[in-house]
Amino acid sequence: MHSSVQAVELVFLLLLLFVVAFGALARKLQTPYPIVLVIAGTLLGFVPGIPKITLNPDVIFFVILPPLLYSAAWLTSWRDFSYNLVSILMLAFGLVAFTVFGVSAAAQWLFPGFDWRLGFVLGAIVAPTDALAATSIAKRIGLPKRIADILEGESLVNDASGLLALEFGIAMVLRGQTPTVTEGLARIAFLVFAGLAVGLVTGWIVDRIERTIDDGPIEIAISILVPYAAYFGADRIHASGVLAVVACGLYLSRRSSEFFSPEVRLQAWGAWDSLTFILNGLVFVLIGLQLPHVLAGIQEYRLHTLLMYGALFSGLVILLRLIWMFPGAFLANRIRTRLLHQDVKLPSARSILVIGWTGMRGVIALAAAIALPATLANGDPFPQRDLIVFLAFSVIFVTLVLQGLTLPFVVRVLGVAGGPMDENDDEEKSARREMLDAALAYLEESRKEDESEFQEIYDDLTGHYRHRLAAVSGKDDPENGLTPEHQERHTRLLRDLLRVERQTAVRLRNQGRINDETLRQIEYELDLREANPSAGA
């Protein structure tokens, strides 16, 4: 028992070391870390002496997936998600169905021993895209906000549709049953609506609980438990755990402004940033480490044949996405403009091509392939199981590495990169101006009602807020003698003053005049002020 615990601990520490080292390398290379971690994991898998680490599908689906989905949903804007919902569903359900049936039709001609049912299973496995890969790469290269929003929404929802298609495919192979259209629609309806209901109920309960607590560690612990509660609750009634977690995350994200105190919010952001980085890093390293196991399971094919199959199948999956994008975008635009009366233009052909080139696959595809049953109902081996796992790995590797590395080039060539002033920047500046105007108006009203002996306080605060307003507006304020040069000098002085305060606090600690606990409290306050120096001196 003691040695087995040590072995698990050693493997975990080794994986964590890989994540840290290659995550730092990715930052140095200015490359999205999923790409670097997958390549590094693949190379490490063939290094002699590296422990053989197998991917357990249950660990992926029940341990790693819920918090990653919850984090992605938490960071998603409900306004933008709901506005682009038709376009998102056209990818999350329409493209998934097109991919599944396209692979089902083509696989029997491309690979010996495949029929349409095995092709259906293979298509369902590789249909969902990866949430982290798409969004991290999109943000790194500065894609327009509309494209990034659609990619985020697609990757949040299409795991549910892909896993449902896989459920149908496995049933057809194991028991030879082909579900009717009525059965399929009924299952989809239950999967979606029951999953959403479980997620929203879970979120409502947590919202009520959170309003009675104001303790950082407890609230962070609750936030980690929430995605598991939603996922397991939905899975228990055979609904979509994915949609339950997404619905719960979107709901609580909107409510969090009311139940999180500022201090708890800061602590939660830090904790979740670290947690998601570690989990995502482990996932992508594990994907790369699986190649030796995948190859070891295939004895009847030569390596050059496998490489040809992998390249051929990856090309097919990429092509199917590109083919779907144009009619899918046209249909989504028709629904949004004609039925929903949204004022939205049909995306340009260049934008559609970019979205088509962002279909990166991730760990869900590999976990789904590895989770295929080993035998059929009659005890015979599951046909072509090892080749299916290899083809899934091939698509993940090719889409992550090839498409991920070439996407910046494609974006530059097509001229689709977002401009220097994104929509979010405009919204943020407008919001800050309104907030500062409201604060100044409040100061003026309070000044009239307060005693004259406190007027210096109002003058000081008014000057401070006018500095901030001028900095946000980027305009001169002749009444107060504020120019862009004044604003720049003001910000620089604030940073210098914070540095002097910090150095003084450390000197006092080193002289023994304050203890470390006092220093940590002072540093915490200085850190908050330095994160946004224009907010206050």
Within residues 512-525 or reaching into it, pairs that qualify as salt bridge (charged side-chain N to carboxylate O under 4.0 Å, His left out) - sequence neighbours excluded: Arg509-Asp516
When you measure from the side chain of [X] to the backbone N and O of [Y], does any donor-acceptor pair fall under 3.5 Å?
X	Y	value
Ser240	Gly195	no
Glu219	Val264	no
Ser71	Pro67	no
Thr462	Asp459	no
Thr358	Ile355	yes
Glu444	Leu440	no
Asp235	Tyr231	no
Ser253	Leu250	no

Inspect the contact between Arg211 and Asp207 and indicate whether a charged nitrogen and a carboxylate oxygen are less than 4.0 angstrom apart.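 Looking at Asp207 and Arg211, the cut-off is met.
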Check this for me: does any side-chain nitrogen of one of Asp496 and Arg499 sit under 4.0 Å from a carboxylate oxygen of the other? yes
Distance-only side-chain donor-acceptor flag, Thr129 / Asn158, under 3.5 Å: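 Short answer, yes.
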Thr518 and Asn515 side chains, donor-acceptor separation under 3.5 Å: yes
Sequence neighbours excluded, which residues qualify as salt bridge (Lys or Arg N to Asp or Glu O under 4.0 Å) partners of Asp215?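 For Asp215, no residue satisfies salt bridge (Lys or Arg N to Asp or Glu O under 4.0 Å) once neighbours in sequence are set aside.
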Set of residues satisfying salt bridge (Lys or Arg N to Asp or Glu O under 4.0 Å) with respect to Asp214, sequence neighbours excluded: none
Do Leu65 and Val242 come close enough that some side-chain heavy atom pair is under 4.5 Å? yes
Does any part of the side chain of Ser256, heavy atoms only, come nearer than 4.5 Å to the side chain of Trp74, both counted from C-beta? yes
Report, as yes or no, whether the 6.0 Å neighbourhood of atom CZ on Arg236 holds more than 12 heavy atoms from other residues, nucleotides or ligands. no
Nearest 0.5 angstrom please: [X] [atom1] to [Y] [atom2], how far?
X	Y	atom1	atom2	answer
Ser87	Leu151	OG	CG	11.0 Å
Gln503	Asn510	CD	CG	11.5 Å
Asp159	Glu154	CG	CD	10.0 Å
Leu156	Thr76	CG	OG1	4.5 Å
Phe18	Leu25	CZ	CG	13.5 Å

With under 30° as parallel and over 60° as perpendicular, where do the rings of Phe232 and Phe62 fit, or are they tilted in between?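 Parallel.
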Can you list the residues that meet the ring pair (Phe, Tyr, Trp, His ring centres under 6.0 Å) rule with [X], with sequence neighbours excluded?
X	value
Phe277	Tyr33
Trp357	none
Phe393	none

Tell me, with the steps shown, if Phe259 and Leu252 meet side-chain contact (heavy atoms from CB on, under 4.5 Å). CA-CA 10 Å; Phe259 60 70; Leu252 286 176; 4.1 Å; yes
